[in-house]
Engineer: 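This is the structure, below, for whatever I ask next.
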Amino acid sequence: MAAHEPGAKQIDVTTLPIPHLNHLSQQLEQEVEFLTNSINQLKVAQGKFNESDDAVSQLGASGADILVPLTASMYVPGKLSEDNDLLIDIGTGYFVSMSKVKAQDFFKRKIEYLTKNIEKVQPILQDKFRSKQVINEVMQAKIQAQLAAIPAGAKA
């Protein structure tokens, strides 16, 4: 098993006792679950920015018919007064007035940022998953070896 973290030392997992292997496997399982959830959250955010970018891209010129959201599930018809004065949610409840071009640039930068972060986390997740598989294989081999060492009369 390779140690990728600074200051981490490499340990031969075949020398560890079964309880330590089990603890290590559980720890890696938690890390895999955390990283998987993190990637999923990044993908959800990425999807929302893609949807926003698509919505801004599809806006017509001034005077175009649009649907204005009153609630999450209720819209009313309206007309676009200006495509150079869009109110864009930039996060944590803050909105900024932007032109259509600036809004599209904002969304593209956010999508690129999230894509880069997903690409950084993905290999770490794969490495943790592989490490967990190796630990589980070593643990299973040790359990099998211990079972094989029990005399036949003692097993019954």
Side-chain angles (χ1 to χ4, degrees), residues 1-59 66-75 86-156:
M1 185 164 109
H4 296 286
E5 297 172 17
K9 61 181 181 177
Q10 195 167 354
I11 298 173
D12 181 5
V13 292
T14 59
T15 63
L16 295 174
I18 293 172
H20 287 132
L21 290 170
N22 190 36
H23 177 72
L24 193 54
S25 176
Q26 289 172 352
Q27 183 179 350
L28 285 168
E29 178 63 33
Q30 289 174 349
E31 290 176 18
V32 164
E33 188 175 323
F34 174 77
L35 291 170
T36 301
N37 288 338
S38 296
I39 287 175
N40 288 338
Q41 289 173 351
L42 289 170
K43 286 182 179 179
V44 166
Q46 185 183 45
K48 288 182 180 182
F49 281 117
N50 274 320
E51 289 173 8
S52 296
D53 185 39
D54 289 345
V56 169
S57 297
Q58 293 175 12
L59 281 177
I66 60 170
L67 290 175
V68 179
L70 290 183
T71 68
S73 60
M74 188 165 104
Y75 297 82
L86 305 175
L87 204 53
I88 305 299
D89 182 355
I90 60 168
T92 62
Y94 289 95
F95 293 82
V96 173
S97 178
M98 292 183 194
S99 69
K100 181 177 177 178
V101 173
K102 285 188 178 184
Q104 288 173 307
D105 180 58
F106 171 78
F107 293 132
K108 284 184 185 2
R109 283 186 287 121
K110 289 292 188 180
I111 293 164
E112 287 173 16
Y113 176 76
L114 291 168
T115 301
K116 287 177 184 173
N117 280 299
I118 290 169
E119 290 170 353
K120 285 180 186 176
V121 175
Q122 197 76 41
I124 297 168
L125 172 62
Q126 291 169 350
D127 189 46
K128 297 282 184 186
F129 187 77
R130 280 191 297 270
S131 295
K132 183 181 178 305
Q133 285 179 317
V134 168
I135 302 254
N136 286 342
E137 289 170 8
V138 169
M139 192 166 51
Q140 288 299 321
K142 284 190 172 225
I143 291 170
Q144 292 299 324
Q146 282 186 351
L147 289 175
I150 299 173
K155 290 182 185 177

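Source: prediction; values computed, not measured.
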Engineer: Decide yes or no for Leu86 and Leu59: does some side-chain heavy atom of the first lie under 4.5 Å from some side-chain heavy atom of the second?
Structural biologist: yes
Engineer: If I take atom CG from residue Leu28 and atom CG from residue Leu35, how far apart are they, to the nearest 0.5 angstrom?
Structural biologist: 10.5 Å
Engineer: Kindly give the heavy-atom pair with the smallest separation between Val32 and Leu125, and that separation in Å.
Structural biologist: O-CD1, 3.6 Å
Engineer: When rounded to the nearest 0.5 angstrom, what is the spacing between NE2 in His23 and CG in Leu16?
Structural biologist: 11.0 Å
Engineer: Which distance, rounded to the nearest 0.5 Å, do you find between the CD of Glu33 and the OG of Ser38?
Structural biologist: 10.5 Å
Engineer: Please examine the side chains of Asp127 and Arg130, heavy atoms only from C-beta on, and report whether any two atoms are closer than 4.5 Å.
Structural biologist: yes
Engineer: Rounded to the nearest 0.5 Å, how far apart are CD of Glu29 and NZ of Lys128?
Structural biologist: 12.5 Å
Engineer: In Å, rounded to the nearest 0.5 Å, how long is the span from CD1 of Ile135 to CE of Met139?
Structural biologist: 8.5 Å
Engineer: Taking the inter-plane angle between the rings of Phe49 and Phe106 on a 0 to 90° scale, is it parallel (under 30°), tilted (30 to 60°) or perpendicular (over 60°)?
Structural biologist: perpendicular
Engineer: Compile the donor-acceptor pairs under 3.5 Å between side chains in residues 109-117 and protein atoms, sequence neighbours left out, one pair per line.
Structural biologist:
residue: Arg109; atom: NE; partner: Asp105; partner atom: OD2; Å: 3.1
residue: Thr115; atom: OG1; partner: Gln46; partner atom: NE2; Å: 2.6
residue: Thr115; atom: OG1; partner: Ile111; partner atom: O; Å: 2.8
residue: Asn117; atom: ND2; partner: Tyr113; partner atom: O; Å: 3.0

Engineer: Using side-chain heavy atoms (C-beta onward) and a distance below 4.5 Å, is Gln30 in contact with Gln26?
Structural biologist: no
Engineer: Does Lys142 NZ have over 12 foreign heavy atoms under 6.0 Å away?
Structural biologist: yes
Engineer: Please tell me if the side chains of Ile18 and Gln146 come closer than 4.5 Å, counting only heavy atoms from C-beta onward.
Structural biologist: yes
Engineer: Heavy-atom count around Phe129 CZ within 6.0 Å, excluding the residue itself: above 12?
Structural biologist: no
Engineer: What's the spacing between Leu67 CG and Tyr75 OH if we round to 0.5 Å?
Structural biologist: 8.0 Å
Engineer: Carefully, step by step, assess Ile90 and Met98 under the rule side-chain contact (heavy atoms from CB on, under 4.5 Å).
Structural biologist: CA-CA 11 Å; Ile90 60 168; Met98 292 183 194; 4.0 Å; yes
